[in-house]
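First up is the structure itself, then whatever we jot down about it.
Chain letters run A, B, ... following the sequence lines, proteins first, then strands; residues in each count from 1. Hydrogens, waters and symmetry mates are skipped; everything else that's a heavy atom, side chains included, is used. Keep in mind that what you see is a predicted model, and the values were worked out from it rather than measured.
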Amino acid sequence: MSVEHHEGVHRHPAPTSFIRKYIFSVDHKVIGIQYILLALAAVLVGMFMSLLMRLNLSWPGTSWPILETLFPTGAPGGVMTPEFYLSLVTMHGTIMVFFVLTTAPQGGFGNYFLPIQIGAEDMAFPVLNMLSFWVTLAGFIVILLAIFVEGNQALGETFAGLGPSFAGGSGTVGPIGGWTGYAPLSALGKIAGPGQGAGMNLWVISIAIFCVGSLLGALNFITTLLNMRTKGMTLMRMPLTCWAWFTTAVLALLSFPVLLGGGILLLLDRIANTSFFIPSGLYVSGLLSGTNPNFPLHTGGSPILWQHLFWFFGHPEVYIAILPGMGATSHILATFARKPVFGYRAMVFAIFAIGLLGFFVWGHHMFISGMSPYSAIAFSVLTLSIGVPSAVKTFNWLGTLWGGRIRFTTAMLFALGFVSLFVAGGITGLILGQSSLDLPMHDTYIVTAHFHLVMGVASIFGMFAALYFWFPKMFGRFMSESIGKIHFWLTFIGVYAIFVPMHIMGIVGMPRRFSSFQEYDFLRSLDPLVMLVTVAAVITIGAQLLFYFNVVWSIFKGKKADDNPWEATTLEWITPSPPPHDNFAGVLPTVYHGPYEYAVPGAPRDYVMQTDLDTEVPSGNGHNGHKH
Amino acid sequence: MGRVLAVIIWIITLLSVLLFVSGKWWFPTAISDHAPALDRQFMITILVVGISFTAAQIGLGWMVWKYRDTGKSGDRAVYTHGSNRLEVLWTVITAFVFIALGVMGQSVWASLRLHDAPAGSYSVSVVAQQFQWNFHYAGRDNKFGRTDPQLIDDSALNFVGLDSSDPSAADDAVTAALAIPVNRPVELRLRAKDVIHNFWVPQLRFKQDLVPGMEIKVHFTANKVGKYELACAELCGQLHFKMKSYMLVLPEEEIQALQVLPQEQFQAKMVELLAKYPLPTN
Ligand code: HEM
Ligand SMILES: [Cu+2]
Ligand SMILES: [Cu+2]
């Protein structure tokens, strides 16, 4: 292999002290791992909360003595209160969406591999990169504080002196508002009931901090990708992972500021008596606005404004969660099918189309909110058209597998699982995107089923695939393939068993965010399905312990990996495992080929690395989606 | 491994489809005039969804079965970067199907939302609060008495802030359950006192948020006499899950008789009617 040498533009010496090396590190690889560890911690909390929710739904009123010990006020006598359940829903959703799906896929794997895959020594702004992680971690700590200020009576009361929206101690694990925090419930403060005090303040603050961290990260990704590609790394020679991370960063850059602004306004409504989202004439808990110090005068606000601001961010956010998984899936499918990605160019266009259209469909969350019925029609038709690029991606994934020589590593199984789940979850968007059908479907379990499959579980499968795939590069050791496969089978079957029946519950009409289904006759027939889902959830969540064990065990005891254990083509596989501080030991690579030159006829091996100078690739330039 | 995965994907697909076609769980029987068109649109859509889902999973299974690496050395994958013809073909077909579905999906919506309630509709003013429904009827004079948030007093049971000095308020009634006539358009004027709530009757195939600070007018026609559960479908706080009421769909005579009753008798009659009608069995 002969490579041309040229000096890196970005140099910082390798740190020597432990703190600069592993804690306040500016090395994108260390920061990437920090993000992944943060996500691994957050998903553990989120998963535990979902377990509690399922227990409460399947065995309402049953006493779990351990709960009484853990949450004496939230579960008196070991029985969960309705407010306790609702705070679980809120915290589970918030932690999963923000601190799991918006950290590991982008800040984690993107941080680690984007610079390496484009042949750069680090991110463009290493210090900013470090800051973005620490800001994000601060956001996570703030949201965890909500558990304590709402859960602990004494702690909660210490804040009460600050004002009517500050008191905590509701006996919950945080605020009550769902991950969407609709105003005015979220804006009114303590007067609106349990979970509306200190915990809600912390929720808003946490999200605002998170926005800042994400913005810093997004700037860095965009600059790095545009400016720091190595010689020969044209845009159309980039791995699809890089296109996905880049588009994700653009989405984040344009959508997080809107949520940040909305969050600040919401916080002001709560603590400074402004009225951005609170209209006049409210009568809450027996008090009229303006007649009592606990409920000051509010006038002129619009509850629907919050929804517009939230979903202007919220819909792009679901693509922020899923695009990196799509990129990883394309990358891994090509590697283990031993084939070039089918329709590389179409894949790039599809990512862009999804990113762009993603900004014009937020109103599909608001059909029945009271907004104009005419705009509902526009949002509805636009939403259905966003299914087109999603379908194009699926077709091209199948095309990539067609004619392949598929190797079933654990990473490949999870990537295939991603395709299966993405289709299963995405396709019901055709139902929910129609304004008419939203009349019965809105806020029922079919929504819960849809977004868990497509946004939650598919993204998580993308991350599992990415971790099993890149682990040897990151730690120089493989993850155990045998544990990995058991983990895959249990999880793949498990998530289908959890989320498919939820569609049926939605069709029958079961509303989401209900702490009990016992009140309604029309929901009685669903009891067996509710139980089925809970049993599947317990097993699936249990299976994740295998995964955690595998990660820890493999870091120390896994089989040693060489530089290119999967016989792959892109730049991360030309450096040692793990890569040195500046990624390429001072010699930046030069790129001659497209990213996925597998099965090239006449080549000595069945793959041509991007840096292989002496191998002829028939189609020449590597960006040849138009030839076949 | 490839064959195991293929078989598992196919089994999951089969079981999922079976769950949907089993007929054991489905929509409750519809009772509104717009529901048949809506249910038809749902069936068309779920057919497209089901076929796409099944085809994609069968295709995925087939790929991993057929193209698994059999370990023959020197045997390489097909070298191709794609096909523009195929890209165009599947983009055009999916665009046509999806956008056609989307456009078809507007007709029920347009019929309900782009027009005001027809003349002669039966109007009820709905005021939601944590965690209770209030239904305000215009009474004999068909005119709603004036309401004002300043006059709301829950402890005095004036839940909607009715102004007793307004002459048209004298014959109004406010109850905790909804009574509407059968086969006559109904207009609901939806308001909320505190936070957002949502009016949801599964049999109506109808849902609408009630937003504080707004009066949202919606209309529909119910066509089957009976008693139906009414739920709140927007998270409104602690007891959201039991913010429950009933909707009575009554024969015209019964509604006429009810409508002219003053508050106390109205309420007593509602209790009687709620006991008279059973819940639907499916
Ligand atoms: C074992 C896996 C999981 C189980 C059993 C589970 C279960 C649940 C349950 C029971 C709810 C509350 C439903 C309700 O009462 O409305 C919920 C809500 C939610 N979950 Fe999960 N979940 C899982 C994984 C995930 C993942 C991976 C994500 C990542 C996106 C996620 C995101 C959410 C969100 C955003 C909500 C909505 C919260 C809200 O209503 O505001 N979940 N989940
Ligand atoms: Cu959306
Ligand atoms: Cu409610």
Quiz prompt | Heavy-atom proximity to chain B below 4.5 Å, by part of P279(A) | solution = side chain

Exercise. Would you tell me whether E83(A) and H240(B) have side-chain atoms, one donor and one acceptor, within less than 3.5 Å of each other?
Key: no

Quiz item: Would I191(A) and D194(B) satisfy side-chain contact (heavy atoms from CB on, under 4.5 Å), going step by step from the backbone distance to the final call?
Solution: CA-CA 10 Å; I191(A) 189 163; D194(B) 39 33; over 6 Å; no

Practice problem: Identify whether the distance between the nearest side-chain nitrogen and carboxylate oxygen of R76(B) and D606(A) falls below 4.0 Å. | Solution: no

Practice problem: Using the test side-chain contact (heavy atoms from CB on, under 4.5 Å), find all partners of I11(B) that sit at least two apart in sequence or belong to another chain. | Solution: V7(B), L15(B)

Exercise. Identify, with sequence neighbours excluded, every residue that meets side-chain hydrogen bond (donor to acceptor under 3.5 Å, both in side chains) alongside W90(B).
Key: E87(B)

Quiz item: I507(A) and F27(B): which non-hydrogen atoms are nearest, and at how many Å?
Solution: O-CD2, 3.3 Å

Self-check item: S372(A) versus chain B, the contacting section by heavy-atom distance below 4.5 Å
Solution: neither

Quiz item: Which atom names give the shortest non-hydrogen contact between M63(B) and L401(A), and what distance separates them?
Solution: CB-CB, 3.8 Å

Quiz prompt | Basic-acidic side-chain contact under 4.0 Å: R405(A), D75(B) | solution = yes

Quiz item: Side chain, backbone, both or neither: which part of A603(A) has an atom under 4.5 Å from a heavy atom of chain B?
Solution: both

Self-check item: Short side-chain to backbone donor-acceptor contact, E229(B) and F522(A), under 3.5 Å
Solution: yes

Self-check item: Rounded distance (nearest 0.5 Å) linking atom CD1 of I46(B) with atom CD1 of I431(A)
Solution: 4.0 Å

Quiz item: How close do I196(B) and A183(A) get, heavy atom to heavy atom, and via which atoms?
Solution: CD1-O, 3.3 Å

Quiz item: Considering only heavy atoms, which portion of Q208(B) lies under 4.5 Å from any heavy atom of chain A: side chain, backbone, both, or neither?
Solution: both

Quiz item: Can you find a pair of side-chain heavy atoms, one from D443(A) and one from W200(B), that are under 4.5 Å apart?
Solution: no

Quiz prompt | Contact summary for Q41(B) and L437(A), nearest pair of heavy atoms | solution = CG-CD2, 4.0 Å

Quiz item: For E519(A), does its backbone N or O pair with a side-chain atom of K244(B) as donor and acceptor, under 3.5 Å?
Solution: yes

Quiz item: Among V419(A), V284(A), L185(A), who wins on heavy-atom pairs under 4.5 Å with chain B?
Solution: L185(A)

Quiz item: Is chain A contacted by the side chain of V4(B), its backbone, both, or neither, given a heavy-atom distance below 4.5 Å?
Solution: both

Exercise. Return the minimal non-hydrogen interatomic distance between G281(A) and P149(B), and the atom names on each side.
Key: O-CB, 3.4 Å

Quiz item: CG of L430(A) to OG1 of T45(B): how many Å apart, nearest 0.5 Å?
Solution: 7.5 Å

Practice problem: Under 4.5 Å, heavy atom to heavy atom: which of residues 92-102 of chain B reach chain A? Give them by number, or say none. | Solution: T94(B), A95(B), F98(B), I99(B), L101(B), G102(B)

Quiz item: Considering the options V160(B), V127(B), D153(B), L151(B), which one meets the side-chain contact (heavy atoms from CB on, under 4.5 Å) requirement together with Y283(A)?
Solution: D153(B)

Exercise. Compare every heavy atom of L19(B) with every heavy atom of P501(A), then report the nearest pair and how far apart it is.
Key: CA-CD2, 3.8 Å

Exercise. Name the region of L287(A), side chain, backbone, both or neither, that has any atom closer than 4.5 Å to a heavy atom of chain B.
Key: neither

Quiz item: Quick one: do the Q106(B) and S436(A) side chains pair a donor with an acceptor below 3.5 Å?
Solution: no

Practice problem: Return the set of residues passing side-chain contact (heavy atoms from CB on, under 4.5 Å) with S170(A) (not counting sequence neighbours), or none when no residue passes. | Solution: E150(A), T172(A), K190(A), P194(A)

